[in-house]
Amino acid sequence: MDNLYRAYLGRASGPKKLDFLDNVSEFRKKVYLQLCRIPRGKVTTYGAIAKKLGSKKQSRAVGTAVATNPISLIIPCHRVLPSTLRVGNYGMPGKDPTEGGPIKHALLKREGVKFIEEKVAKECVWSPN
DNA sequence: TCGGTGTTTCGGA
DNA sequence: TCCGAAACACCGA
């Protein structure tokens, strides 16, 4: 999905810098890269991303990075959930993160993600490689 | 400098 | 099954 980035930035052959991420750290850039690689109809967990970037201890930092992503329009932040496979939280402008849970649920469902008793079916979980 | 996050994992009750 | 603790990186007061 790096193509997506380059296309969106309109500099396929220019410097590899990501304008939107100039102000953020490398750590967060990696998080956003992973998010863009999530296939449609699939989801992943904060822990999986954290482990991919280094240590699972960073899982919380991943959550923060996702929550404050500067390009939510092209980053599918709703495809990230806790390792419990429950819907988790979803920050919405003006509303509590817990209010966004049901919204995430609906969003994922619309993309074809299977739900079993408020939990995502294990076969719909995707892990970065 | 401190406190709080869209989390995770472990130990106890 | 549920609650409380600590650990990461980062932002705002």
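Computed from heavy atoms alone, side chains included, the values below leave out hydrogens, waters and symmetry copies. In what follows, every chain begins at residue 1, and chains take the letters A, B, ... in the order their sequences are listed.
The nearest whole Å value for the distance from the NZ atom in A/K104 to the C1' atom in B/dG6 is 6 Å. One can place CZ of A/R28 at 13 Å from C1' of C/dC8, the figure rounded to the nearest angstrom. If you measure from atom OH of A/Y46 to atom C1' of B/dT9, you get 17 Å, rounded to the nearest angstrom. Rounded to whole angstrom, the span from the CD atom of A/Q58 across to the P atom of B/dT9 amounts to 14 Å. Taking atom CD of A/E26 as the reference point, atom P of C/dA9 lies 14 Å away to the nearest angstrom. Distance A/I49 CD1 to B/dT7 P: 13 Å, rounded to the nearest Å. Taking atom NZ of A/K95 as the reference point, atom P of B/dG6 lies 16 Å away to the nearest angstrom. Residue A/K56 contributes atom NZ, which lies 17 Å from atom P of C/dA7 at whole-angstrom precision.
When distances run from any side-chain atom of A/V66 to the nucleotides C/dA7, C/dA9, B/dG6, the shortest one goes to B/dG6. Of the candidate nucleotides C/dA9, C/dC8, B/dG6, C/dA9 has the atom nearest to the side chain of A/F27. Of the listed nucleotides (C/dA9, C/dC10, B/dG6), C/dA9 has the atom at the smallest distance from the side chain of A/A61. When the nucleotides B/dT7, C/dC10, B/dT5 are ranked by their closest atom to the side chain of A/T64, B/dT5 comes out on top. In the set C/dC2, C/dA7, C/dC10, C/dC2 carries the atom at the smallest distance from any side-chain atom of A/R86. Comparing B/dT7, B/dG6, C/dC10 by their closest approach to the side chain of A/P82 singles out B/dT7. Comparing C/dC11, B/dT7, B/dG6 by their nearest atom to the side chain of A/A67 picks out B/dG6.
Under the 4.5 Å side-chain criterion, counting only non-hydrogen atoms from C-beta, A/E123 is in contact with A/K114.
With hydrogens and angles ignored, a donor-acceptor pair under 3.5 angstrom links the side chain of A/R60 to the base of B/dT5. In terms of polar N and O atoms assigned as donor or acceptor, the side chain of A/S59 comes within less than 3.5 Å of the base of B/dT7 in a complementary pairing.
Across the strands present, B/dG3 finds its partner in C/dC11; the criterion is a Watson-Crick or G-U wobble pair with both atom distances under 3.5 angstrom. Across all strands shown, B/dC10 pairs with C/dG4; the Watson-Crick or G-U wobble distances both stay below 3.5 Å.
In this structure, A/S83 reaches the sugar-phosphate backbone alone: every heavy-atom distance under 4.0 Å involves primed, P, OP1 or OP2 atoms, never a base. A/G91 comes within 4.0 angstrom of a nucleotide base, judged by non-hydrogen atoms across all strands.
Summarising the hydrophobic clusters (Ile, Leu, Val, Met, Phe, Trp, Tyr; side-chain heavy atoms under 4.5 Å, direct or chained), the residues clustered with A/L108 are A/V43, A/L81, A/L85, A/V113, A/F115, A/V120, A/V125.
Judged by distance alone, with hydrogens and angles left aside, the side-chain atoms of A/T45 form a donor-acceptor pair with the main-chain N or O of A/A48 at under 3.5 Å.
Applying the side chain to side chain donor-acceptor pair (under 3.5 Å) test to A/E111 and every residue at least two apart in sequence or in another chain returns A/H78, A/R79.
Where A/V62 and A/T68 meet DNA chain C, the nucleotide closest to each residue was compared, and A/V62 sits on the side nearer the 5' end.
With respect to A/E118 and A/R86, no salt bridge is recorded, no charged nitrogen being found less than 4.0 Å from a carboxylate O.
If you check the side chains of A/R28 and A/N69, you find no donor sitting under 3.5 Å from an acceptor.
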